[in-house]
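Have a look at the structure below before the remarks.
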Amino acid sequence: QVRLVDSPGGLVQPGGRLRLSCAASEGVVRINSMGWYRQASGKQRELVASVTRDGVATYGDFVEGRFAISGPWSRNVVHLEMNDLRPEDTAEYYCYVDAVTVPGTPGNIYWGQGRQVTVAS
């Protein structure tokens, strides 16, 4: 079973920055992609950013160049640098990994526990 260990969220002032990190534990044979989704109160979960094993990054439309995802590195770690945070970025952020655990089989999605990020004065 793949386990995700992610950094805590936090309270940030508008215009501030925050770095999230996420590491996939043992059991991973190959990572297809890693990244984050978020879910604000009363809204559906949406993609924040993801990166493939080849380093191809995808971002949600709301990012507008403010965030940067890096990885996955050799230790199956990804980082998300979030800059110019806005109150509307307040949400629960969920790390995920699309990982293969048995050679020759498709990957499965595994989720972190979710970390609250609050952007407020």
Side-chain angles (χ1 to χ4, degrees):
Q1 181 70 19
V2 176
R3 186 168 60 91
L4 293 173
V5 179
D6 53 345
S7 58
L11 172 63
V12 184
Q13 290 189 341
R17 62 199 307 179
L18 186 68
R19 186 187 200 219
L20 301 179
S21 298
C22 182
S25 67
E26 69 272 7
V28 174
V29 172
R30 187 185 76 244
I31 287 179
N32 293 323
S33 68
M34 282 185 80
W36 279 265
Y37 279 73
R38 73 182 189 183
Q39 188 165 19
S41 179
K43 296 186 177 181
Q44 291 188 333
R45 190 173 292 193
E46 60 183 351
L47 174 70
V48 179
S50 68
V51 61
T52 69
R53 59 195 293 261
D54 297 323
V56 178
T58 301
Y59 296 93
D61 291 341
F62 61 86
V63 170
E64 299 178 334
R66 299 178 295 132
F67 300 173
I69 189 169
S70 57
W73 310 123
S74 59
R75 294 186 178 182
N76 299 332
V77 177
V78 290
H79 304 287
L80 181 67
E81 299 280 353
M82 301 190 292
N83 300 296
D84 189 23
L85 284 162
R86 306 165 180 168
E88 53 264 39
D89 293 318
T90 296
E92 193 87 356
Y93 283 68
Y94 295 89
C95 176
Y96 86 93
V97 63
D98 178 352
V100 174
T101 57
V102 176
T105 64
N108 290 306
I109 304 295
Y110 302 89
W111 294 95
Q113 64 181 30
R115 300 293 189 178
Q116 179 65 35
V117 173
T118 301
V119 183
S121 301

Would you say CD of Q13 has more than 12 non-hydrogen atoms from neighbouring residues, nucleotides or ligands within 6.0 angstrom?
no
Which atom pair, heavy atoms only, marks the closest approach of T90 to P87?
OG1-O, 2.9 Å
Test side-chain contact (heavy atoms from CB on, under 4.5 Å) applied to R38 and E46, step by step
CA-CA 5 Å; R38 73 182 189 183; E46 60 183 351; 2.8 Å; yes
Sub-4.5 Å side-chain heavy-atom contact between Y110 and T101:
yes
Closest non-hydrogen atoms of L4 and C22, given as atom of the first, atom of the second and distance, are CD2-SG, 4.0 Å
For the aromatic rings, using the six-membered ring if either is Trp, is the centroid distance between Y96 and Y37 under 6.0 Å?
yes
Any chain of hydrophobic side-chain contacts (each under 4.5 Å) joining V63 to L85?
yes
Take W36 and M82 through the side-chain contact (heavy atoms from CB on, under 4.5 Å) test and state the conclusion after the steps.
CA-CA 12 Å; W36 279 265; M82 301 190 292; over 6 Å; no
Kindly give the heavy-atom pair with the smallest separation between S25 and Q1, and that separation in Å.
OG-O, 4.4 Å
Interatomic distance, CZ@R19 vs NE2@H79, rounded to 0.5 Å, equals 4.5 Å
If you draw the axis of the six-membered ring of F62, does the NZ or CZ of R86 fall within 45° of it and under 6.0 Å from the ring centre?
no
Consider only side-chain heavy atoms of I, L, V, M, F, W and Y, link residues closer than 4.5 Å, and tell whether Y94 and V12 are in one cluster.
no
Could you state the interatomic distance from OG1 (T52) to CG (N32), rounded to the nearest 0.5 Å?
9.0 Å
Closest non-hydrogen atom pair between A23 and V77, with its separation:
CB-CG2, 3.7 Å
Is the closest side-chain heavy-atom distance between L20 and D6 below 4.5 Å?
no
Between V117 and D89, is there a side-chain heavy-atom distance shorter than 4.5 Å?
no
Considering all heavy atoms, the nearest T105-V102 contact:
OG1-O, 2.6 Å
CD (Q44) with more than 12 external heavy atoms under 6.0 Å:
no
Enclosure of R3 CZ (heavy-atom neighbours >12, cutoff 6.0 Å):
no
Give a yes or no on whether the backbone of V100 and the side-chain of R30 come within a donor-acceptor separation of less than 3.5 Å.
no
When you group the ILVMFWY residues by side-chain heavy-atom contacts below 4.5 Å and let the links chain together, are V5 and W111 in the same group?
no
More than 12 heavy atoms of other residues, nucleotides or ligands under 6.0 Å from CG of D61: is that the case?
no
For the residue pair R17 and N83, confirm or rule out a side-chain donor-acceptor distance under 3.5 Å.
yes
Considering non-hydrogen atoms only, spot the tightest contact between L80 and A49 and give its length.
CD1-CB, 3.9 Å
Distance in Å, D84 CG paired with F67 CZ, rounded so as to fall on 0.5 Å steps
8.5 Å
Between CG on residue L18 and OG on residue S7, distance to nearest 0.5 Å
7.0 Å
Is there a side-chain contact between N76 and V97 in this structure, where contact means two heavy atoms from C-beta onward sitting under 4.5 Å apart?
no
